[in-house]
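Here is the structure we will look at.
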Amino acid sequence: VVPLLTASEPLMVAHRCGGGEAPENTLESIRYCLNLKVPLIQLDVMHTKDEKVVLFHDVPVERNMEKLTGVTGQIGDFNYSELPVFKAEFQPN
């Protein structure tokens, strides 16, 4: 294990799970990074009102929540079963 701050080479980190190559913060993007053997994957972890863990990017959340669902609010405002349906919007880089 190489300490992050003393590594002699640049360290590759997949921001939002490689969100430019697969839909960000999804199992698909995590698998993409694992297949490339990316050493670090950055995730955006949030929890719902009923304490379920979900991956969702953006603070303020309202920006992406409304864009992707048409519903305003934050992930923590909803129980997991009440989360709105998300649109699949993805354009690879």
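Both backbone and side-chain heavy atoms feed into the values below; hydrogens, waters and symmetry mates do not. For the single chain, residues carry numbers from 1 onward in sequence order.
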Is there a path from [X] to [Y] through hydrophobic residues (I, L, V, M, F, W, Y) whose side chains come within less than 4.5 Å of each other?
| X | Y | value |
| --- | --- | --- |
| V38 | L34 | no |
| F56 | V71 | yes |
| V45 | V54 | no |
| M46 | Y80 | yes |
| Y32 | I41 | no |

How long is the gap from [atom1] on [X] to [atom2] on [Y], to the nearest 0.5 Å?
| X | Y | atom1 | atom2 | result |
| --- | --- | --- | --- | --- |
| D77 | K49 | CG | NZ | 7.5 Å |
| L83 | K52 | CG | NZ | 11.5 Å |
| E82 | T48 | CD | OG1 | 9.0 Å |
| L43 | H15 | CG | NE2 | 10.5 Å |

Does the pair T26 and S29 meet the rule for a side chain to side chain contact (heavy atoms under 4.5 Å, CB included), with working shown?
CA-CA 5 Å; T26 61; S29 64; 3.4 Å; yes

N25 side chain to D44 backbone, donor-acceptor under 3.5 Å
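The answer is yes, because a donor-acceptor pair under 3.5 Å joins these two groups.
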
